[in-house]
Amino acid sequence: MSSEQPRKPPPQIPSDMKAFNQKIIEEFRANKGELSGQMAGRKLMLLTTTGSESGQPRTAVLGFAKDSNRYVIVASANAAPENPSWYGNLVTNPQVTVEVGAEKFSARARTADPKERERVKGLLPFFEGQQQKTTRELPLVILEREQG
């Protein structure tokens, strides 16, 4: 039996996801990653990519897992039929900014290869549930901190 706290049920998906995420981003940055309300205690990161068409920074709120000194995220978009726009952005430009807690750093993003995918998918407790809700293969992304 694990000594970890029981997992909280996922929050309800709001009707205006963009506004919901903007509030999370503002609170995350103001409180060094600490969130309140239904998001209190959740392990989230902010991932900033460069828009593949606009060239503008785009920030997404994501759950993650640690894999040694790397981070693992899933391009789920709540099991939508298509990949989230942030995934297309990082495929075009793999240079990203990651914010975890009070820490902010540059990273290089890449899609996990099939062997690596098998190994890391178990690190994300919500992955299998998301994968079962869609027919597309959900990409698993590895974020490697850049030195410097």
Side-chain angles (χ1 to χ4, degrees), residues 8 10-148:
K8 293 182 177 186
Q12 296 234 342
I13 297 173
S15 58
D16 185 349
M17 198 67 187
K18 193 171 190 173
F20 179 78
N21 281 339
Q22 190 56 46
K23 286 182 182 177
I24 290 175
I25 292 166
E26 290 168 6
E27 182 180 10
F28 187 104
R29 288 178 173 154
N31 299 311
K32 298 182 173 124
E34 295 294 321
L35 300 171
S36 61
Q38 68 176 347
M39 302 307 287
R42 295 195 187 276
K43 189 167 77 168
L44 299 175
M45 77 164 44
L46 302 183
L47 176 73
T48 302
T49 61
T50 300
S52 58
E53 294 177 20
S54 70
Q56 297 299 306
R58 304 287 184 218
T59 301
V61 179
L62 302 167
F64 69 92
K66 285 270 301 197
D67 180 36
S68 184
N69 61 344
R70 307 174 315 163
Y71 291 87
V72 181
I73 55 177
V74 59
S76 172
N78 294 314
E82 296 181 0
N83 289 328
S85 57
W86 63 260
Y87 180 71
N89 292 344
L90 68 78
V91 168
T92 301
N93 182 356
Q95 182 70 39
V96 299
T97 301
V98 175
E99 295 173 67
V100 177
E103 190 176 19
K104 182 176 182 177
F105 57 92
S106 293
R108 192 152 206 59
R110 63 178 175 77
T111 304
D113 65 41
K115 185 177 179 182
E116 189 174 37
R117 176 186 173 79
E118 280 304 307
R119 186 181 67 74
V120 300
K121 70 182 183 182
L123 299 174
L124 295 160
F126 52 88
F127 175 77
E128 287 300 333
Q130 290 288 296
Q131 184 61 75
Q132 291 171 5
K133 294 177 184 176
T134 185
T135 56
R136 72 180 167 93
E137 181 178 88
L138 299 178
L140 289 171
V141 175
I142 308 298
L143 302 170
E144 296 175 305
R145 182 188 301 259
E146 295 204 316
Q147 303 302 317

Q) Out of Arg119, Arg117, Arg145, which residue meets the salt bridge (Lys or Arg N to Asp or Glu O under 4.0 Å) rule with Asp67? A) Arg119
Q: Check the pair Leu143 / Ile73 against side chain to side chain contact (heavy atoms under 4.5 Å, CB included), numbers first and verdict last.
A: CA-CA 8 Å; Leu143 302 170; Ile73 55 177; 3.9 Å; yes
Q: Not counting sequence neighbours, which residues clear side-chain hydrogen bond (donor to acceptor under 3.5 Å, both in side chains) with Thr92? List them please.
A: none
Q: Please check if atom CD in Glu53 has more than 12 non-hydrogen atoms from other residues, nucleotides or ligands closer than 6.0 Å.
A: no
Q. Can you find a side-chain donor-acceptor pair between Thr49 and Tyr87 that sits under 3.5 Å?
A. no
Q.
Can you list everything that forms a side chain to side chain contact (heavy atoms under 4.5 Å, CB included) with Val100? Sequence neighbours excluded, please.
A. Met45, Phe64, Tyr71, Val98
(Q) In the structure I gave you, are the side-chain heavy atoms of Val96 and Trp86 within less than 4.5 Å of one another anywhere? (A) no
Q: Sequence neighbours left out, what passes salt bridge (Lys or Arg N to Asp or Glu O under 4.0 Å) with Arg108? Give chain and number order.
A: none
Q.
Taking Lys121 first and then Glu118, would you say they form a salt bridge - that is, a charged N and a carboxylate O separated by under 4.0 Å?
A. yes
Q) side chain to side chain contact (heavy atoms under 4.5 Å, CB included) with Thr97: which residues, sequence neighbours excluded? A) Thr48, Lys104
**Q.** Non-neighbouring partners of Glu82 that pass salt bridge (Lys or Arg N to Asp or Glu O under 4.0 Å), sequence neighbours left out
**A.** none
Q) Where do Ala109 and Val141 come nearest, in terms of heavy atoms and distance? A) CB-CG1, 4.0 Å
Q) Do any pairs count as a salt bridge (charged side-chain N to carboxylate O under 4.0 Å, His left out) and have a residue in residues 86-100, sequence neighbours left out, and if so which ones? A) Arg29-Glu99
Q.
Applying side chain to side chain contact (heavy atoms under 4.5 Å, CB included) to Ile25 and Val61, what does each step give before you reach the verdict?
A. CA-CA 7 Å; Ile25 292 166; Val61 179; 3.7 Å; yes
Q | CG on Asn93 to OG1 on Thr50, rounded to 0.5 Å | A | 4.5 Å
Q. Among all residues two or more places apart in sequence or in another chain, which pass the salt bridge (Lys or Arg N to Asp or Glu O under 4.0 Å) test with Glu116?
A. Arg70, Arg110
Q | Pairing residues for Gln132 by the side-chain hydrogen bond (donor to acceptor under 3.5 Å, both in side chains) criterion, not counting sequence neighbours | A | none
**Q.** Pairs satisfying side chain to side chain donor-acceptor pair (under 3.5 Å), at least one member in residues 133-143, at least two apart
**A.** Asn83-Arg136
Q: Could you check if a side-chain atom of Ile142 sits within less than 4.5 angstrom of a side-chain atom of Thr111, using non-hydrogen atoms only?
A: no
Q | side chain to side chain contact (heavy atoms under 4.5 Å, CB included) partners of Ser106, counting only residues at least two apart | A | Gln95, Glu146
Q: Work out which heavy atom in Ala75 is nearest to a heavy atom in Leu138; give both atom names and the distance.
A: O-CD2, 3.8 Å
Q | Heavy atoms of other groups near Lys66 NZ, more than 12 under 6.0 Å | A | yes
Q.
Using the side chain to side chain contact (heavy atoms under 4.5 Å, CB included) criterion, which residues pair with Ala80? Sequence neighbours excluded.
A. Ala77
Q: State the OG-CZ distance between Ser76 and Phe126, to the nearest 0.5 angstrom.
A: 8.0 Å
Q) Can you tell me how far the CG atom of Leu46 sits from the CD1 atom of Ile24, to the nearest 0.5 Å? A) 9.0 Å
(Q) Can you list everything that forms a salt bridge (Lys or Arg N to Asp or Glu O under 4.0 Å) with Arg58? Sequence neighbours excluded, please. (A) none
